[in-house]
Amino acid sequence: MSTLSPGLRPSPVRPAAPAAPGPRAAGFRLSPADRGVLWLYLLTRISLWITAHSARWLFPAQSGAREAAPVLAPFQQWDANHYLHIARDGYFPAGAGPWTSGWDNREAFFPGYPLLLRAVHTVVPDWTAAGLLISLVAGAVAVLALARIARAYLPEEGAGHRTAALFLLSPCAVFLAAGYTEALFLAFALPAWLAAMRHRWALAAVLTTLGTAVRVSGLFLAAAIGLLFLLSVRAGGVRWSRRAAGWTLLPALPPAAYSWYLHARTGDWMAWKHAQERGWYRTFHPPWEAWANTWTGAFGGTQSTGYAFMFQAELAAMLVGLALVALLVRRRRWPEAVYVALSLWALGTSYWYTSVPRATLLWWPLWIGLAALTLRRPWFRTVCLCVAAPVTTLVALTFLTGRWAG
């Protein structure tokens, strides 16, 4: 796996012929290292819940409030409400839609998460609690898969635990606990990548297909896995077959089915894309225009300080992503480079950047690369912790108190 330092050498494990997994790693049994990662995950969840509990007392929506907000109120923010409304009322309740004044553009969100939320709600009556339960379970699956991927790429002892720690303490880690799609998507995407590394193409395709039902980012993952398949064939580690190649096309089905559904209701095959354009300024602009518009929002004095800070975070995350792609290309980690580059293209060609910091959660090469650096250069671990502690806390508080978008 590529790291973030030109001086580091990649692991001898190559994407075309990864090391064969041991009997424990190949199944569902948990090794001591896996259990350590899950304990770390649980402890960080407790830390976030403590922060959320404190936030509703210390930062009430109205100054001078005598009572704290409800227990789950900190998690009832922004996109979590969109998913709740879709799960509860559907995409076009009572005939409303893009033709209705004040429409919330909910068709911009793919149906995988709302469908699961509605299913879990049949068991968990509170909608917010149901969403938190989904993220809790999905996050555990994701972090376990991430640790296993890290152990496959990095030879150092403790690589999986270190990668999981950096990931769970990352600036936007609060979104893994909230009723958002990041945790659920990663619960499909990371096991899919793990399956592809082991040349289990059918399983990888099925998991990626579930991921594309949750986020359009699943198509970027499908492209990366397709390239990994071709590189494996070229290296001689995999025999070409139409059946195996056909599996790589399966992830296109959920977006196609969703587009068909939206066309039947709105007459627009790309209704989800047009909803993003209306609601979140995701109209196409050249990358340099998107950078310039975001820079103006960050430093041009055109926005309030809260919004300006968010634009500054967008720019910083974009720079991290570009550096990551450059280093992946330098190390010839082509599939991972394609995955991150497609994500950056999608996020970097809007009117201005939106949600790039959250997207860093989906870039697993970043966290594995940082783990490699901290394992080989102990001083860098101190730097990471000193930077992560205040930034992660501030981001968590801005989200939990309803100030995330400025």
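Just so you know, these numbers use all the heavy atoms, side chains as well, and skip hydrogens, waters and symmetry mates.
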**Prompt:** Looking only at atom types and distance, does a side-chain atom of Tyr351 sit under 3.5 Å from a main-chain N or O of Asn293, one as donor and one as acceptor?
**Reply:** no
**Prompt:** Side-chain contact, heavy-atom cut-off 4.5 Å: Trp379 with Val383?
**Reply:** yes
**Asked** Under the side-chain contact (heavy atoms from CB on, under 4.5 Å) criterion, do Trp193 and Met197 qualify, and how do the steps go?
**Response** CA-CA 6 Å; Trp193 187 257; Met197 288 171 56; 3.6 Å; yes
**Request:** Decide side-chain contact (heavy atoms from CB on, under 4.5 Å) for Arg88 and Trp127; before the verdict, give the C-alpha distance in whole Å, the side-chain angles of both, and the deciding distance to 0.1 Å.
**Result:** CA-CA 8 Å; Arg88 185 185 61 196; Trp127 286 102; 3.7 Å; yes
**Sidechain-backbone polar pair: Tyr41 side chain, Leu136 backbone, donor-acceptor under 3.5 Å** = yes
**Asked** Can you check whether Phe380 reaches Leu370 side chain to side chain, under 4.5 Å on heavy atoms?
**Response** yes
**Item:** Tyr353 backbone acceptor or donor facing Thr294 side chain under 3.5 Å
**Value:** yes
**Asked** Once the angle between the rings of Trp103 and Phe92 is folded into 0 to 90°, is it parallel (under 30°), tilted (30 to 60°) or perpendicular (over 60°)?
**Response** parallel
**Message:** Checking the side chain of Glu182 only, and the main-chain atoms of Leu176 only, is there a donor and an acceptor separated by less than 3.5 Å?
**Reply:** no
**Request:** Provide the closest heavy-atom pair for Ser355 versus Leu347 in the form atom of the first, atom of the second, distance.
**Result:** O-CD1, 4.5 Å
**Prompt:** Got a sec, which residues hit ring-ring contact (aromatic ring centres under 6.0 Å, His included) with Tyr91, two or more places apart in sequence or on another chain?
**Reply:** Tyr258
**Polar side-chain atom of Arg35 near backbone of Leu30 as donor-acceptor pair, under 3.5 Å** = yes
**Message:** Taking CD in Glu157 as the centre, count heavy atoms belonging to other residues, nucleotides or ligands within less than 6.0 Å. Is the count above 12?
**Reply:** no
**Asked** How close do Ala371 and Thr163 get, heavy atom to heavy atom, and via which atoms?
**Response** CB-OG1, 3.1 Å
**More than 12 heavy atoms of other groups within 6.0 Å of Tyr261 OH** = yes
**Closest non-hydrogen atom pair between Ala164 and Leu40, with its separation** = C-CD2, 4.1 Å
**Message:** Given 3.5 Å as the limit, does a donor-acceptor pair link the side chain of Arg56 with the main chain of Ala69, or not?
**Reply:** yes
**Request:** Mark yes or no for whether Ser31, through its side chain, and Asp34, through its backbone, hold a donor-acceptor pair below 3.5 Å.
**Result:** yes
**Prompt:** Do side-chain atoms of Tyr153 reach the backbone of Pro365 as a donor and acceptor pair under 3.5 angstrom?
**Reply:** no
**Prompt:** Is atom CH2 of Trp39 surrounded by more than 12 heavy atoms (other residues, nucleotides or ligands) closer than 6.0 Å?
**Reply:** no
**Asked** Are more than 12 heavy atoms from other residues, nucleotides or ligands located less than 6.0 Å from atom CH2 of Trp260?
**Response** no
**Nearest heavy atoms of Ser343 and Ala359, plus distance in Å** = OG-CB, 4.3 Å
**Asked** Hey, is the main chain of Asn81 close enough, under 3.5 Å, to the side chain of His85 for a donor-acceptor pair?
**Response** yes
**Message:** As a quick check of understanding, evaluate side-chain contact (heavy atoms from CB on, under 4.5 Å) for Val206 and Trp247, giving each step before the final call.
**Reply:** CA-CA 8 Å; Val206 170; Trp247 281 111; 4.1 Å; yes
**Request:** Flag the pair His274 / Trp272 as yes when their ring centroid distance falls below 6.0 Å, and as no otherwise.
**Result:** no
**Request:** Side-chain contact test, heavy atoms from C-beta onward, threshold under 4.5 Å: evaluate it for Ser170 versus Thr360 and give yes or no.
**Result:** no
**Message:** Set out, in order, the CA-CA distance, both residues' side-chain angles and the distance that settles side-chain contact (heavy atoms from CB on, under 4.5 Å) for Tyr339 and Leu362, then state yes or no.
**Reply:** CA-CA 10 Å; Tyr339 172 71; Leu362 311 183; 3.5 Å; yes
**Centroid separation Tyr180 to Trp78 less than 6.0 Å** = no
**Message:** Using modelled atom types and a 3.5 Å cut-off, is there a donor and acceptor pairing between side-chain atoms of Glu277 and backbone atoms of Thr283?
**Reply:** no
**Request:** Of all the heavy-atom pairs spanning Leu322 and Leu344, show the shortest one and how long it is.
**Result:** N-CD1, 3.7 Å
**Fill in**
Between Phe110 and Thr212, the two heavy atoms sitting closest are CD2-O, 3.2 Å
**Item:** Ion pair Asp268/Lys273, N-O distance below 4.0 Å
**Value:** no
